K.L.:
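Can you keep this structure in mind? I'll have questions shortly.
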Amino acid sequence: MEMYQNILVVIDPTTEDQKALKRAIELASRITTANADHQINITAFFSIFDFSYEMTTILSSGERDTMRQMVIKEKQLWLDDVISATNSQIDITSKVVWHNRPFEAIIGQVIDHNHDLVMKGTHQHDKFKSVIFTPTDWHILRKCPCPVLLVKEHEWPEQGNILAALHVGSDETEHLSLNNTITKQAKNIAQLITANVHLVNSYPGTPVNIAIEIPEFDASEYNNAMQAHHKEAMNKHANSFDIPLTNTHVEEGLPETVIEQVALEIDAELVILGTVGRTGISAALIGNTAEHVIDQLNCDVLALKPDGYVSPLAD
C-alpha cells in the first residue's frame with residue numbers, strides 16, 4: 001500500500017491546539033503500525049515575518065539580519081516546546097523560516113525537500129475577504145504540487161466514512177485519471193484507519209435557457225438521461241474498485257452543494273477531491289470545487305492534483 005513518508009505540517013501560531021500536528025502524528029502512527037518498516041518523517045514548519053524589522057533604517061543590514069535570527073531562534077524554541085508537549089514517539093523535525101509570504105515558504109519547502117503531503121489546520125474565512133485577499137490555504141490548494149490535507153475538528157473514528165468526490169460523467173483523460181487517483185487514495189486511507197469508502201458525483205440539471213427557448217424540449221427526459229449516464233459511469237467505476245454500489249451517491253446539483261449534503265448525511269470524517277491550479281482573475285472570481293467546499297464541511301479535506309501538475313512556483 002502506497003502511503004505518505006515525508007509530511008510537512010504547517011504550524012498555526014494563533015492557537016495552542018495544533019490540530020494539524022496532532023493529525024499528522026495520528027496518521028504517521030497508523031502508517032508505522034500497518035508497516036513497521038515504513039519510516040515517516042514529519043517536519044513542523046513555521047513561517048514568520050515582521051515588517052517592522054525590514055523598515056528600521058537606523059540599523060544596518062547586518063544588524064537587521066541579527067535581529068531576524070534572534071526572532072527565528074525564539075520561535076524555534078517555542079516550536080520545539082510545542083513538539084515536546086505532544087509526547088510523540090514519531091520523530092518530528094522543527095523548522096522556522098523568515099518569509100513575507102507564508103504560502104510561498106510552504107510550497108518552497110515542499111519543492112526543496114520533496115514532501116509528499118502538506119497538513120494544515122483551517123479557519124473559517126470571511127467570504128468577502130476570501131475573494132479580495134486570498135487566504136494562505138487557498139494559495140496552497142492552487143499551487144502546491146503534492147496532496148494537501150486541511151484539518152478540522154472532526155475525529156477519525158473506526159468504521160467511519162471517507163467520501164471520495166468524483167467527476168465520472170466525463171470521458172476526458174485528465175478526469176478519468178484523477179478519479180482513479182482519488183479512489184485509490186480513499187481506499188488506502190480507509191484501510192489504514194479502518195473506514196468505509198463512499199463515492200459521490202453530481203450532475204447538472206436542465207439548463208433553464210434551453211427549456212425556455214426550445215418549447216418542445218423535454219426537461220424530464222433530459223434529466224433522466226443525464227442521471228442514467230452518470231449512474232452508469234459511477235457503477236462502472238465503483239465496480240472496478242470493488243466498492244459496494246450502496247456506497248455510491250449520484251445527485252443533481254452543483255458539486256460543492258452535493259458534496260456537502262452527502263458528507264453530512266454519512267457524517268464523513270474525510271472528503272477527498274481533486275483540485276486544479278487556477279491562478280489570476282479566474283481563480284479570484286470563480287475559484288473551484290475544493291475551495292467552495294472547504295469552509296462548508298466540518299471534516300478534513302484532502303485535495304489532490306492531476307498527474308503531471310507542475311507548481312507555478314517551481315523553478
Side-chain angles (χ1 to χ4, degrees), residues 1-2 141 147-149 154 159-208 210-211 218-276 287-294 296-309:
M1 179 178 70
E2 293 182 12
L141 275 174
V148 177
L149 178 60
H154 200 295
Q159 296 304 327
N161 295 313
I162 293 174
L163 183 62
L166 309 177
H167 185 57
V168 296
S170 171
D171 292 329
E172 292 183 14
T173 302
E174 184 180 65
H175 283 138
L176 294 174
S177 175
L178 191 53
N179 286 340
N180 290 340
T181 299
I182 291 168
T183 309
K184 287 176 184 175
Q185 286 277 16
K187 290 201 69 171
N188 282 348
I189 296 175
Q191 182 180 340
L192 198 66
I193 66 176
T194 320
N196 306 297
V197 175
H198 287 248
L199 307 178
V200 61
N201 183 85
S202 67
Y203 63 91
T206 305
V208 177
I210 295 180
D218 190 329
S220 177
E221 183 179 339
Y222 174 90
N223 265 18
N224 290 338
M226 185 67 71
Q227 182 187 53
H229 169 69
H230 281 82
K231 281 197 171 183
E232 181 183 356
M234 173 64 90
N235 291 350
K236 181 180 177 182
H237 182 84
N239 286 331
S240 68
F241 284 94
D242 295 321
I243 293 172
L245 298 186
T246 52
N247 284 13
T248 62
H249 311 265
V250 177
E251 305 289 345
E252 179 185 340
L254 294 172
E256 54 268 28
T257 303
V258 171
I259 292 169
E260 180 190 10
Q261 288 173 347
V262 174
L264 286 171
E265 286 172 11
I266 67 172
D267 190 23
E269 56 196 297
L270 173 65
V271 170
I272 304 178
L273 39 67
T275 180
V276 295
N288 62 40
T289 299
E291 293 166 6
H292 288 301
V293 165
I294 291 170
Q296 299 174 33
L297 295 173
N298 67 347
C299 63
D300 294 1
V301 178
L302 177 62
L304 309 178
K305 287 292 192 304
D307 291 340
Y309 174 80

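Worth saying up front: this structure is predicted, and the values here are computed from it rather than measured.
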K.L.:
Which atoms form the tightest heavy-atom contact between N223 and E252, and what is the distance?
P.N.:
ND2-OE1, 3.4 Å
K.L.:
Give, for atom CD of Q261 and atom CD of Q296, the distance between the pair rounded to the nearest 0.5 Å.
P.N.:
10.0 Å
K.L.:
Provide the closest heavy-atom pair for G253 versus S202 in the form atom of the first, atom of the second, distance.
P.N.:
O-CB, 3.4 Å
K.L.:
What's the separation between atom CG in L304 and atom CG in N179, rounded to the nearest 0.5 Å?
P.N.:
11.0 Å
K.L.:
P147 and L302: which non-hydrogen atoms are nearest, and at how many Å?
P.N.:
CB-CD1, 4.0 Å
K.L.:
State which residues pass side-chain contact (heavy atoms from CB on, under 4.5 Å) with L264; sequence neighbours excluded, sorted by chain then number.
P.N.:
E260
K.L.:
Would you call L163 and L273 a side-chain contact if the rule is heavy atoms closer than 4.5 Å?
P.N.:
no
K.L.:
Under a 3.5 Å distance rule, please check whether Q159 uses its side chain to pair with a backbone N or O of A195 as donor and acceptor.
P.N.:
no
K.L.:
Please identify each residue that fulfils side chain to side chain donor-acceptor pair (under 3.5 Å) with T194, with sequence neighbours left out.
P.N.:
none
K.L.:
At what distance, to the nearest 0.5 angstrom, does OG1 of T248 lie from NE2 of H230?
P.N.:
13.5 Å
K.L.:
Holding to side chain to side chain donor-acceptor pair (under 3.5 Å), I want the full list of residues that pass it with H249, two or more places apart in sequence or in another chain.
P.N.:
H198
K.L.:
Kindly compute the distance separating CG (N201) from CD (E251), expressed to the nearest 0.5 Å.
P.N.:
10.0 Å
K.L.:
How close do H154 and C299 get, heavy atom to heavy atom, and via which atoms?
P.N.:
CB-CA, 3.8 Å
K.L.:
Roughly how far apart are T181 OG1 and L166 CG, rounded to 0.5 Å?
P.N.:
11.0 Å
K.L.:
Side chain to side chain donor-acceptor pair (under 3.5 Å) with T183: which residues, sequence neighbours excluded?
P.N.:
H237
K.L.:
Checking side-chain contact (heavy atoms from CB on, under 4.5 Å) against I162, which of N196, N247, I266, I272 comes through?
P.N.:
I272
K.L.:
Once you round to the nearest 0.5 Å, how far does OG1 of T275 lie from OH of Y309?
P.N.:
8.5 Å
K.L.:
Nearest heavy-atom pair of V250 and Y203: which atoms, and what distance?
P.N.:
CG1-CD2, 3.8 Å
K.L.:
Output yes when a side-chain donor or acceptor of S177 lies under 3.5 Å from a complementary backbone atom of E174, and no otherwise.
P.N.:
no
K.L.:
Which residues pass the side chain to side chain donor-acceptor pair (under 3.5 Å) test with N180, not counting sequence neighbours?
P.N.:
none
K.L.:
Test of understanding: with ring pair (Phe, Tyr, Trp, His ring centres under 6.0 Å), list the residues that count as partners of H175, not counting sequence neighbours.
P.N.:
H167
K.L.:
Does a side-chain heavy-atom distance below 4.5 Å link L149 with L270?
P.N.:
yes
K.L.:
Please report the closest heavy-atom contact between A165 and I259, naming both atoms and the distance.
P.N.:
CB-CD1, 3.6 Å
